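Written out below as structure tokens is the structure these notes cover.
What you see is a predicted model, and the numbers here were worked out from it, not measured in a lab.
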Amino acid sequence: MEEDIIMKHTVKVEKTDQIYKSGNSILNSAKYSSDNTDEWYTTYETIEEEVCHYKEQFKEKIVLCNCDDPYESNFCYYFLRHFNELNLRRLICTSYSGSKIDQIKDNVQLSLNLFDNLGEPINLKNGYVFVIDEMPGEIGEEVSDDVIKEVLQRKGTVKRLSGSGDFRTEECIKYMKECDICCTNPPFSLFSELFALLTKYEKKYLLIGNQNAITYKEIFPYIKENKAWVGYRFGDMKFRVPADTKPRKTRFWVDETGQKWRSLGNAMWLTNLDMRKRHEELRLTKCYRPEDYPKYDNYDAINVKKVVDIPMDYNGIMGVPITYLKYHNELQFEIIGEANHGSDNEFDLFKPKINGKELFKRILIKRRKV
């Protein structure tokens, strides 16, 4: 983006927003927990509160939700509901075999008398694809739940896939090639593989993942070169989990309906859709004093404990918390690399230590010359 059209704003560092409200959509075979068996369901509000920042970029676009059962996914439900409001050209949702076709959102039950494009009852052993090119109603208006329910219950609405519906299969990659924007919540264990495919085919994307993915060798180079960035939600997210989920002492609760929930403190959206906050200047108030900013044992850079402590008058390399990426402005700072294990990728420059004590991973930045 040319400098003369960059929006000039300032932003203060604020505390993490409160966790989102309830809803549900499937996250197939996600490996978030220690037992690696839970299916986690993203809330409708999580999707709504993020996508609202990019609405203009969805206009007349083909959207792919490629880890999403069309009858249960809140990604599918959100884009059906806002199909006309966003003026989408097409919505494509593909599901894994074995997904649960029972509801599209809380308390909106669908008939299980569903048939595929061959006129046969839907078999949960197959993967399916749902494609819609138009929704009843006027451009610019939301679609009602009754209309969505009617559309989803039409015979032949879904087509049976020959394979499992895994986004890595050739028949699903075909739909990826067709889309403009991929918006989904993939299994965290497959996050890098989905990211690699999306970048290979030069697609726009809006993905939920774990913040640890930022430092993956497949992803960090894109962060460094300002070809990918974190979205608005970077921190707490809550997810609906199956009834057989084992209780935990932390980040687990049961609501008044008996529904079980889990939350993550290090979730994020990752995207290459432009956003306003990328062009906001991070307001700095601290001055550099050597006693406040010790240098690392094994690298010529100072350690900055908190984003609010970034000094306004230091021109060398600084190691900052990973949460800095919420506020990164490429015109204000350059991302030099990362300090994690010192071996993850060519940009992982060292393992951060001060006086022999190991620190958590850091992002290495340097002030741009004005």
Check your understanding: Going only through I, L, V, M, F, W and Y residues with side-chain contacts under 4.5 Å, is there a path from Ile173 to Ile92?
Key -> yes

Point to revise | Tyr314-Ile336 co-clustered via ILVMFWY side chain contacts under 4.5 Å | key: no

Check your understanding: Is it true that atom CD of Glu150 has more than 12 heavy atoms of other residues, nucleotides or ligands lying nearer than 6.0 Å?
Key -> yes

Whether [Y] and [X] form a salt bridge (side-chain N of Lys/Arg under 4.0 Å from carboxylate O of Asp/Glu) is what I want to check.
X      : Y      : result
Asp292 : Lys305 : no
Glu291 : Arg289 : yes
Arg368 : Glu330 : no
Asp133 : Arg90  : yes
Lys174 : Glu178 : no
Glu142 : Arg81  : yes

Check your understanding: What do the steps show when you test Asp166 against Ser164 for side chain to side chain donor-acceptor pair (under 3.5 Å), and what is the final call?
Key -> CA-CA 6 Å; Asp166 189 314; Ser164 66; 4.9 Å; no

Check your understanding: Would you say the side-chain atoms of Asn66 pair up with the backbone N or O of Cys172, donor to acceptor, closer than 3.5 Å?
Key -> no

Do any side-chain atoms of residues 51-58 form donor-acceptor pairs under 3.5 angstrom with protein atoms, and if so which ones, sequence neighbours left out?
from  : atom 1 : to     : atom 2 : distance (Å)
His53 : NE2    : Glu49  : O      : 3.4
Tyr54 : OH     : Glu50  : OE2    : 2.7
Lys55 : NZ     : Glu85  : OE2    : 2.8
Gln57 : OE1    : Asp274 : N      : 3.2
Gln57 : NE2    : Asp274 : O      : 2.6

Exercise for review: Anything under 30° is parallel, anything over 60° is perpendicular, the rest tilted; go ahead and classify Phe195 against Phe191.
Suggested key: parallel

Point to revise | Whether Tyr78 and Tyr44 hold their rings parallel, tilted or perpendicular, with breakpoints at 30° and 60° | key: tilted

Check your understanding: Quick one: does Arg251's side chain get under 4.5 Å of Asp236's, heavy atoms only?
Key -> yes

Revision key, fill the gap. For Cys67 and Asn185 the tightest heavy-atom approach is CB-O, 4.3 Å

Check your understanding: In chain order, what residues pass the side chain to side chain donor-acceptor pair (under 3.5 Å) check against Asn355, with sequence neighbours excluded?
Key -> none

Exercise for review: Go through the steps to decide whether Trp269 and Met237 satisfy the test side-chain contact (heavy atoms from CB on, under 4.5 Å), and finish with yes or no.
Suggested key: CA-CA 10 Å; Trp269 287 93; Met237 287 188 195; 3.6 Å; yes

